[in-house]
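Since the structure comes first, as structure tokens, the remarks are kept for the end.
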Amino acid sequence: MEKQKYYITTAIAYTSRKPHIGNVYDPVLADAIARFKRMAGFDVFYLTGSDEHGQKIEELAKEAGISPKEYVDGVAAQIKDVWDCMNVSYDRFIRTTDADHEAAVEKIFQKLLEKGDIYKGEYEGKYCVPCESFFTASQLGEGGVCPDCGRPVTDAKEEAYFLRLSKYADRLVQYYEENPEFFAPLSRKAEMVNNFIKPGLADLCVSRSTFSWGVKVKEDPRHVIYVWIDALSNYITGVGFDPDGSKPSFDHYWPADLHVIGKDIVRFHTIYWPILLMALDLPLPKRVLGHPWVLVGEDKMSKSKGNVLYADELAEIFGVDAVRYYLLSEIPFAQDGSITYESMIAKFNSDLANTLGNLVSRSVAMADKYFGGKLSRPVAFDDEIDQDLIACEKKTFETLNQSIDNLHVGDGVNAVMDFAKRCNKYIDETMPWALAKDEAQKARLEAVLYNLLESIRRIAVMLYPFMPATADAIHTALNLTTGHTLEEVTAPFGLVEAFAVTPCQPLFARIDADKLIKELTEKEKAKKKAEKEAKKAQKKEEAAPAGPCTFDDFCKIELVCAKVLECENVPKSEKLLRFRLDVGDEERQVLSGIAKFYKPEELLGKNLVLVKNLLPRKLMGYESHGMLLSSEAEGVLRVLILDPETPAGARIG
RNA sequence: CGCGGGGUAGAGCAGUUGGUAGCUCGUCGGGCUCAUAACCCGGAGGUCGUGUGGUUCAAGUCCCACCCCCGCAACCA
């Protein structure tokens with residue numbers, strides 16, 4: 001019998017920088033589903049990869065002083081490493097710079113152009129000349145200026161290619177209606193229909209000519225094919241699509257059974273992508289799962305906030321499976337989830353160490369202690385307590401199966417963990433240590449321990465899609481080499497004839513939360529400090545070799561005498577003093593980092609040297625308009641104090 | 001009146017077609033000793049954002065009004 005196919009994809013990761021824990025959610029979620037489907041006997045193809053074209057990449061490469069290709073090679077390798085580190089079992093890691101992909105995208109564009117679904121038109125918008133970029137009205141900054149440089153924009157037109165969306169709008173809506181499963185969660189449908197389809201679909205501009213890093217339009221190489229056409233096409237090129245004749249694998253796997261993506265790009269996958277496919281006369285994907293985001297605490301991760309968590313760093317502390325487990329069990333289906341070191345530790349200790357790890361540990365230890373690790377299958381499972389346990393296990397699998405079906409992956413993992421709890425309870429109900437004291441109960445004791453190990457084995461099988469390494473570790477502890485097919489849990493309870501186990505290391509050692517948090521914050525502090533110092537050193541280095549300074553250059557610096565009117569410490573700051581200065585024609589607020597060396601009152605009324613025309617800067621929430629000069633020797637700062645007779649505002653030169 | 005999501009115990013969430021308010025963590029008390037100071041049982045804790053609102057025999061659940069939070073608005077998973 002031929003296996004049923006299951007084609008699953010993730011969003012391809014943008015190669016702008018190293019992926020963080022949120023980026024990893026997507027492939028991990030898809031991985032759990034892919035692994036489950038494989039266990040269920042499906043012929044699974046799991047596609048993931050990286051999106052490598054676009055203006056941003058071009059810019060980043062330029063900044064780094066390397067070619068775009070060199071740049072994306074570096075980041076794509078990083079992405080792949082992180083995916084591999086997280087044990088993501090993809091069948092292909094596609095890069096949009098792969099030759100087969102680029103060739104196919106070029107042809108796809110060409111084909112649609114010939115068909116008339118893509119046409120050449122004019123793009124009208126606001127244009128910033130210095131930045132050479134177009135913006136839509138909504139992108140503009142306050143007052144209608146360029147969001148990048150703040151300068152005014154002009155109306156401009158540019159030749160561009162467009163995809164006819166309106167032509168397919170009705171068919172798209174019809175598809176939505178006929179396939180209620182297409183959207184997961186369903187709420188995303190209303191979002192799309194209300195926001196984009198109801199107002200009317202404007203044709204989509206699918207080319208750019210302001211940068212060149214991308215797939216060029218064949219007959220018009222000034223134009224680069226819009227990144228989304230390029231990126232979305234990976235789902236078909238990844239399995240061998242070619243407008244001139246696809247590989248058999250394409251006909252076999254397409255249409256995709258599931259696209260796993262983040263909620264922010266649902267629009268691209270449920271509107272543009274289906275339309276693109278319709279234009280190509282290809283069947284549409286069956287489902288699109290738009291998952292929520294992983295926040296750090298309450299905030300979105302961002303570099304500027306400094307709250308970015310990386311999967312590989314977390315894995316180093318907690319282990320890969322713990323990170324996978326957290327993502328899969330703790331992130332809700334339709335709402336943004338949250339991760340912090342604290343919540344990660346809590347989950348690790350309560351679920352992995354206490355419930356699961358300890359269950360395995362105590363069960364194996366008893367099997368070893370009372371029977372030298374050797375247990376045979378009991379003749380019957382008719383004890384009431386046993387039957388309840390077995391029924392519970394059966395229910396667990398049903399829940400798991402259903403959860404994967406309706407994509408509530410978290411419910412599935414949690415069901416398995418609930419069963420582990422049930423097993424802990426079983427130990428209390430049966431009290432093996434009490435049975436062990438009575439020789440007459442030996443058979444019962446053996447049955448109880450067998451039931452436990454058989455339950456644990458089933459837990460391991462069910463856990464495999466979520467925590468593959470842990471599942472394997474449990475099998476190893478049970479001296480088994482199986483564990484990768486669902487038949488091993490759909491078979492009646494009591495599949496294994498006899499166990500022969502040996503005591504094992506704890507699967508998850510409990511974490512001392514306070515200690516770890518302390519270590520982490522100290523590490524973080526040290527890291528920040530090092531970064532700061534490196535930056536400072538670099539700045540100094542840049543500033544130092546200025547060479548001889550012309551008189552004209554010197555004259556650019558406006559030094560004046562400033563009389564201190566007020567001086568006080570800046571709250572919460574070790575170094576800063578806040579001054580109000582009389583500089584002759586005006587009064588100014590200036591901050592200076594000399595609090596360690598002077599008491600505010602010492603400087604009151606003194607005449608100091610101020611760099612008057614320095615650009616203002618914000619320090620600890622205060623604007624500083626200028627800089628006070630001081631000498632530095634052996635780390636001690638001494639401000640330059642002028643003759644008391646010097647009038648405020650007097651030019652120094 | 002842009003669109004969408006959310007507001008349920010200290011925290012994080014579930015609550016399917018309306019029928020006695022649940023789960024996990026934490027907390028308090030008890031039990032047990034096989035195990036990773038773990039495990040098991042029990043208690044306390046909620047006027048389910050607000051409304052003397054509406055429908056109903058019955059509303060967290062449907063309808064209405066209002067308040068607050070968050071996301072999106074054509075290259076952020």
Side-chain angles (χ1 to χ4, degrees), chain A residues 10-14 16-17 19-27 29 51 53-57 125 135-139 185 187-196 198-199 201-202 204-205 208 226-228 230-231 260-268 271-272 290-295 298-302 329-330 332-338 342-343 346-347 349-370 408 410-411 414 417-418 421 423-436 449 452 503 505-511:
Chain A
T10 70
I12 48 178
Y14 199 54
S16 54
R17 57 175 63 98
H20 55 62
I21 183 75
N23 303 117
V24 163
Y25 181 50
D26 199 42
L29 185 62
D51 174 14
H53 292 129
Q55 187 166 16
K56 203 167 168 185
I57 302 288
F135 299 100
T136 62
S138 60
Q139 283 178 313
S187 58
R188 305 252 125 92
K189 178 178 158 187
E191 224 167 300
M192 292 305 123
V193 172
N194 288 334
N195 273 322
F196 304 107
K198 263 194 204 157
L201 282 174
L204 182 70
C205 177
R208 293 293 132 99
Y226 181 50
V227 266
W228 275 106
D230 176 17
V260 178
I261 56 162
K263 64 177 186 181
D264 55 320
I265 51 174
V266 167
R267 184 175 71 250
F268 298 98
I271 298 177
Y272 306 148
H291 63 68
W293 273 335
V294 180
L295 309 178
E298 312 253 293
D299 298 313
K300 217 168 146 177
M301 261 172 269
S302 78
S329 83
E330 192 67 14
F333 179 60
Q335 277 178 71
D336 288 349
S338 150
E342 287 82 354
S343 63
K347 192 87 180 156
N349 280 342
S350 79
D351 291 7
L352 297 180
N354 295 352
T355 300
L356 179 64
N358 185 40
L359 169 68
V360 174
S361 197
R362 64 199 298 213
S363 304
V364 170
M366 283 192 280
D368 179 61
K369 188 169 174 181
Y370 302 136
H408 284 67
D411 293 350
N414 293 334
M417 208 49 78
D418 283 346
K421 283 184 192 187
C423 291
N424 274 321
K425 185 174 172 166
Y426 178 77
I427 297 178
D428 258 60
E429 288 170 337
T430 53
M431 295 193 290
W433 55 89
L435 296 172
L449 293 180
L452 262 177
Q505 288 294 310
L507 293 171
F508 301 96
R510 259 185 82 83
I511 293 170

Sugar-phosphate only, base, or nothing, as touched by [X] at under 4.0 Å among non-hydrogen atoms:
X        : result
A:Tyr226 : sugar-phosphate
A:Ala346 : nothing
A:Leu359 : nothing
A:Pro432 : nothing
A:Lys421 : sugar-phosphate
A:Gly357 : base
A:Glu330 : sugar-phosphate
A:Asn424 : sugar-phosphate
A:Lys56  : nothing

Spacing of [X] atom [atom1] relative to [N] atom [atom2], expressed in whole Å:
X        : N     : atom1 : atom2 : value
A:Leu352 : B:U24 : CG    : P     : 16 Å
A:Glu429 : B:C32 : CD    : C1'   : 14 Å
A:Asp351 : B:U36 : CG    : C1'   : 15 Å

Go through [options] for me and flag the one nearest to the [X] side chain.
X        : options             : result
A:Ala365 : B:C34, B:A74, B:U36 : B:C34
A:Ser350 : B:C25, B:A74, B:C75 : B:C25
A:Ile427 : B:A74, B:U36, B:C34 : B:C34
A:Tyr14  : B:A74, B:A77, B:U36 : B:A77
A:Val227 : B:A74, B:C40, B:C75 : B:C75
A:Leu507 : B:C75, B:C25, B:U36 : B:U36
A:Asp428 : B:U33, B:U36, B:C40 : B:C40
A:Trp293 : B:G71, B:C32, B:U36 : B:G71
A:His291 : B:C34, B:A77, B:U36 : B:A77
A:Trp433 : B:C41, B:A74, B:C32 : B:C32

For nucleotides [N] and [M], find the distance between their [atom1] atoms and express it as a whole number of Å.
N     : M     : atom1 : value
B:G53 : B:G7  : P     : 22 Å
B:A11 : B:G26 : C1'   : 8 Å
B:G2  : B:U27 : C1'   : 46 Å
B:U52 : B:G5  : C1'   : 31 Å
B:U56 : B:G42 : C1'   : 38 Å
B:G49 : B:G6  : P     : 12 Å
B:U8  : B:C70 : P     : 15 Å
B:A73 : B:U47 : P     : 39 Å

(message) Looking at B:C39, I'd like to know if its phosphate oxygens (OP1 or OP2) sit under 4.0 Å from a side-chain N or O belonging to A:Asn354.
(response)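 A:Asn354 to B:C39 OP1/OP2: side-chain N or O found under 4.0 Å.
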
(request) Between A:Phe333 and A:Lys369, just flag the one whose closest nucleotide in RNA chain B comes earlier from the 5' side. (result) A:Phe333

(message) Please compare A:Lys425 and A:Met366 by the position of their nearest nucleotide in RNA chain B and report the one closer to 5'.
(response) A:Met366

Could you check which nucleotide pairs with [N] in any of the strands shown, counting Watson-Crick or G-U wobble with both distances under 3.5 Å?
N     : value
B:G71 : B:C3
B:C39 : B:G31
B:U50 : B:A65

pair [X]-[Y]: side-chain heavy atoms closer than 4.5 Å:
X        : Y        : value
A:Ile427 : A:Leu359 : yes
A:Leu352 : A:Met417 : yes
A:Val266 : A:Ile261 : yes
A:Trp293 : A:Tyr25  : no

Under 3.5 Å, is there a donor-acceptor pair between the side chain of [X] and the main chain of [Y]?
X        : Y        : result
A:Asp336 : A:Val294 : no
A:Asp51  : A:Ile12  : no
A:His408 : A:Gly410 : no

(request) Indicate whether the side chain of A:Arg362 and that of A:Asn424 have a donor and an acceptor atom separated by less than 3.5 Å. (result)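 Side chains of A:Arg362 and A:Asn424: pair found under 3.5 Å.
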
